[in-house]
2 protein chains.
Amino acid sequence: MVKELLEHIKTIYPLSAESQSALSEICKEIKFTKGENIQDIGHTCKTIYFVKKGVVRIYYFKDATDITESFEFENSFVARAESLFTGKPSRKAIQAIEDTTLIAIDSNKLFKFFNSYSDLERMFRKIIESSYVNTVNRIESLQFNTAEERYKSLLKDAPDTLKRIPLKYIASYLGITQVSLSRIRGLK
Amino acid sequence: MVKELLEHIKTIYPLSAESQSALSEICKEIKFTKGENIQDIGHTCKTIYFVKKGVVRIYYFKDATDITESFEFENSFVARAESLFTGKPSRKAIQAIEDTTLIAIDSNKLFKFFNSYSDLERMFRKIIESSYVNTVNRIESLQFNTAEERYKSLLKDAPDTLKRIPLKYIASYLGITQVSLSRIRGLK
DNA sequence: GTGATTATTTATCATATGATAAATTTTATC
DNA sequence: GATAAAATTTATCATATGATAAATAATCAC
């Protein structure tokens with residue numbers, strides 16, 4: 001059941017057998033159907049999800065507009081960092097974009113385990129570090145690239161995104177309206 | 001010499017006396033004058049700096065344009081994450097905006113210490129977590145706020161920035177040209 | 001302090017993206 | 001499979017921001 005999760009973790013930082021079974025203890029598999037909210041706006045994030053199958057997005061509303069903050073595909077972790085690490089309710093929601101199977105990890109239990117299993121904390125640190133690097137790169141792209149440049153580099157770096165995600169979600173992810181994205185796609 | 005650093009760390013995660021002295025061992029104080037580069041473009045980041053006094057910025061060039069990625073004031077840590085965590089040379093530089101005193105922490109030594117001093121790793125994890133939260137929030141602001149909104153929220157959330165940083169740096173930090181920033185400031 | 005350099009503002013014009021509306025295509029439902 | 005609903009595209013017009021240039025203000029170097 002958590003085989004995929006443990007396999008994926010091996011590529012990040014190898015865990016001892018004890019840590020693997022400790023981690024497995026606090027995992028639970030959950031399924032969501034396309035369109036379903038995994039966690040709602042206003043909820044305080046106390047779960048870290050691993051995407052076993054499917055795709056999810058984090059989104060929120062600015063005024064009445066639905067804005068996608070990020071997507072996560074198979075073999076990625078998802079959590080609303082601003083809530084998980086501050087303990088405050090999140091203004092964001094997590095939603096399944098396809099029928100999705102997740103492994104839910106209880107974050108409080110995980111954080112407690114860090115005291116006894118230091119390799120778990122090491123692994124988690126490495127996950128956060130690489131998430132952090134990703135967001136730094138994303139800032140760079142939003143800071144001074146044009147909408148067209150951002151679209152093209154998404155096309156190049158993550159062609160899967162284009163195949164599996166509705167364009168309206170991709171548009172707000174890129175920081176533009178759906179109509180603008182459509183226009184950019186029509187160019188050439 | 002590293003008193004300020006240790007004091008600051010207390011507010012993040014308390015370290016044992018041994019960890020404090022281990023950390024102190026791998027710290028070195030360095031001074032830079034206004035305008036001086038602390039680390040150059042093309043260099044691989046192997047140092048984590050703590051700003052004891054002064055301000056620094058991380059910047060890079062897009063085409064020929066100087067773009068400020070971030071500022072760090074007193075009691076903050078600075079490193080070019082995309083290089084530090086990947087081992088690749090950085091396309092970015094770190095520069096002193098004022099005469100600045102830094103504590104330089106050797107990152108390789110620090111990472112080795114994580115094996116013997118788990119509270120050091122814990123502390124470091126918490127620093128990365130909060131940097132990560134900051135970047136996630138910044139993405140949100142760049143994704144769909146107007147230049148004016150971004151300027152006003154900087155004014156509100158970090159009025160010091162406006163006082164100590166030249167506007168040309170603030171402009172690119174906000175993702176706009178200096179001329180646009182000047183126009184926005186002139187409104188009202 | 002004086003002149004030179006650098007930073008900031010102001011002005012004008014150009015352009016990318018937004019807003020709105022409508023047409024078309026795709027997907028979902030019964 | 002027909003109909004309705006949702007997603008995407010196309011078109012038009014409005015506007016925020018960019019590009020460039022020039023004027024002013026602030027800072028630096030001697």
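In what follows, every heavy atom counts, from backbone to side chain, and hydrogens, waters and symmetry copies are set aside. Just so we're on the same page: letters track the sequence lines, and every chain starts at 1.
Classification of B:Glu140 and A:Arg91 as a salt-bridged pair holds, one side-chain N sitting under 4.0 Å from a carboxylate O. Between B:Lys88 and B:Glu82, none of the side-chain N atoms (NZ, or NE/NH1/NH2) sits under 4.0 Å from a carboxylate O, so this pair counts as no salt bridge. Using a cutoff of 4.0 Å between basic side-chain nitrogens and carboxylate oxygens, B:Lys152 and B:Glu148 are scored as salt-bridged.
Comparing A:Arg183 and A:Phe144 against DNA chain D, the residue whose closest nucleotide sits nearer the 5' end is A:Arg183.
A:Ser116 pairs by the side-chain hydrogen bond (donor to acceptor under 3.5 Å, both in side chains) definition with nothing, not counting sequence neighbours. Residues satisfying the ring pair (Phe, Tyr, Trp, His ring centres under 6.0 Å) test with B:Phe114, not counting sequence neighbours, are B:Phe111, B:Phe124. Applying the side-chain hydrogen bond (donor to acceptor under 3.5 Å, both in side chains) test to A:Tyr132 and every residue at least two apart in sequence or in another chain returns nothing.
At a non-hydrogen distance threshold of 4.0 Å, A:Gly175, A:Ile176, A:Thr177, A:Val179, A:Ser180 from residues 163-182 of chain A come into contact with DNA chain C.
To the nearest 0.5 Å, atoms OH (B:Tyr173) and CD1 (B:Ile165) are separated by 10.0 Å. Separating the OG1 atom in B:Thr68 from the CD atom in B:Gln95 is a distance of 8.0 Å, to the nearest 0.5 Å.
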**OP:** Take nucleotides 22-30 of chain C nucleotide by nucleotide from the 5' end and write B, S or -, depending on whether a protein heavy atom sits under 4.0 Å from the base, only from the sugar-phosphate, or from neither.
**Re:** ------S--
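A cation-pi geometry, defined here as NZ or CZ lying under 6.0 Å from the six-membered ring centre and within 45° of its normal, holds between A:Arg57 and A:Tyr169.
Looking at every heavy atom in both residues, A:Thr47 comes nearest to A:Ser107 through N-OG, 3.9 Å.
B:Asp66 has its CG atom 10 Å from the P atom of C:dA7, to the nearest Å.
Chain B approaches DNA chain D over the interval D:dT17 to D:dC28, counting the first and last nucleotide 5' to 3' with an atom under 4.0 Å from its heavy atoms.
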